[in-house]
Amino acid sequence: MQLEDYFEFEKFDTKFGPVERIRIKGHRIAIDRVIEQYNQGYEPERIVSECYPTLSLAEVYATLAYYLHNKAQLDAYIQRGDQIGDAYYQEYLEKGPYFLRDEALAGKAKPTGNDNGSK
């Protein structure tokens, strides 16, 4: 088994650019959450007991080994994710808390071009 076998790798596009997500296989937990706890000084056992009790100790150690083996790439991955998140947050601050709803409602109100007025 290789370290990569512990993870699910996703890539998708957003309006602010491409984004990647690496999750621990079988969980919805992104590896950056575990890495964040580790970088704050949490030991693997504490990460499991206090933060992510659904993870096994082996999954946490695999995550940390993968991080330490690929530190530069994963630090850049985390930074890119933070930049995309910040862009979405700035949009929220500029447009207000209901902008997604308002944009969706405005989109429904626009004629589609196939409506000829007949019923």
Side-chain angles (χ1 to χ4, degrees):
M1 177 178 248
Q2 296 192 4
L3 284 176
E4 289 82 4
D5 295 338
Y6 281 92
F7 310 109
E8 296 171 348
F9 298 84
E10 304 170 331
K11 292 183 180 186
F12 49 94
D13 291 320
T14 72
K15 63 182 168 182
F16 297 111
V19 70
E20 301 171 69
R21 183 176 303 141
I22 306 172
R23 296 181 191 217
I24 299 169
K25 195 173 281 185
H27 302 273
R28 295 180 63 191
I29 303 167
I31 65 170
D32 37 315
R33 301 296 135 224
V34 173
I35 293 166
E36 179 182 11
Q37 298 301 319
Y38 172 76
N39 284 336
Q40 290 179 7
Y42 282 54
E43 296 293 326
E45 293 80 6
R46 185 174 176 201
I47 293 171
V48 170
S49 67
E50 294 182 19
C51 304
Y52 301 105
T54 60
L55 295 178
S56 69
L57 197 52
E59 290 168 326
V60 171
Y61 274 111
T63 301
L64 298 177
Y66 185 71
Y67 172 61
L68 294 172
H69 186 68
N70 300 287
K71 190 171 184 332
Q73 296 93 329
L74 287 174
D75 285 342
Y77 151 81
I78 291 168
Q79 184 177 18
R80 282 190 309 273
D82 288 346
Q83 289 170 343
I84 297 286
D86 287 344
Y88 275 104
Y89 183 65
Q90 291 303 315
E91 180 182 45
Y92 164 81
L93 291 176
E94 290 171 16
K95 295 182 176 182
Y98 302 110
F99 80 92
L100 291 175
R101 180 203 61 192
D102 295 343
E103 287 176 2
L105 291 173
K108 285 183 179 180
K110 291 181 184 175
T112 61
N114 342 356
D115 187 7
N116 61 11
S118 64
K119 295 197 180 214

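Quick caveat, the model's predicted, so the values are computed rather than measured.
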Minimum-distance pair of heavy atoms, taken over all atoms of Val34 and Ile47:
O-CD1, 4.0 Å
Note: Gln37 and Cys51 closest approach over all heavy atoms is OE1-SG, 3.5 Å
Nearest heavy-atom contact between Asp5 and Lys25 is O-NZ, 3.2 Å
Nearest 0.5 Å, please: how far is NE2 in His69 from CG in Leu64?
14.5 Å
Show your working on side chain to side chain contact (heavy atoms under 4.5 Å, CB included) between Arg21 and Phe12 and close with a plain yes or no.
CA-CA 9 Å; Arg21 183 176 303 141; Phe12 49 94; 3.4 Å; yes
Can you confirm whether Lys11 is buried at NZ, in the sense that more than 12 heavy atoms of other residues, nucleotides or ligands lie under 6.0 Å from that atom?
no
Can you see which heavy atom on Tyr6 is nearest to which on Ala58, and at what distance?
CE2-O, 4.3 Å
Ile22 reachable from Tyr61 in the ILVMFWY side-chain graph, under 4.5 Å edges
yes
To the closest 0.5 Å, what do you measure between CG (Asn70) and CD (Glu4)?
7.0 Å
Hey, what do you get for CG (Asp32) to CZ (Arg23), rounding to the nearest 0.5 Å?
10.0 Å
Is there a side-chain contact between Tyr52 and Thr63, using heavy atoms and a 4.5 Å cut-off?
no
Distance col, row Asp86:CG vs Gln79:CD, nearest 0.5 angstrom, shows 10.0 Å
To the nearest 0.5 Å, atom OG of Ser56 lies from atom NE2 of His27 at 6.5 Å
Could you check whether atom CZ of Arg28 has more than 12 heavy atoms from other residues, nucleotides or ligands sitting under 6.0 Å from it?
no
Contact summary for Pro97 and Tyr92, nearest pair of heavy atoms
CA-CE1, 3.3 Å
Residues in ring-ring contact (aromatic ring centres under 6.0 Å, His included) contact with Phe99, at least two apart in sequence or another chain
none
ILVMFWY network linking Phe9 to Leu74, side-chain heavy atoms under 4.5 angstrom
yes
Is atom CD of Gln2 surrounded by more than 12 heavy atoms (other residues, nucleotides or ligands) closer than 6.0 Å?
no
Does Tyr42 reach the side chain of Val60, with side-chain heavy atoms less than 4.5 Å apart?
no
Show the nearest heavy-atom pair for residues Ile84 and Pro18, with the distance to one decimal.
CD1-O, 4.2 Å
Check the angle between the aromatic planes of Tyr66 and Phe7 and answer parallel, tilted or perpendicular using the 30° and 60° thresholds.
tilted
Rounded to the nearest 0.5 Å, how far does CD of Glu8 lie from CD1 of Ile31?
12.0 Å
Between Tyr77 and Ile35, does a side chain to side chain contact (heavy atoms under 4.5 Å, CB included) hold up when you go through it step by step?
CA-CA 12 Å; Tyr77 151 81; Ile35 293 166; 6.0 Å; no
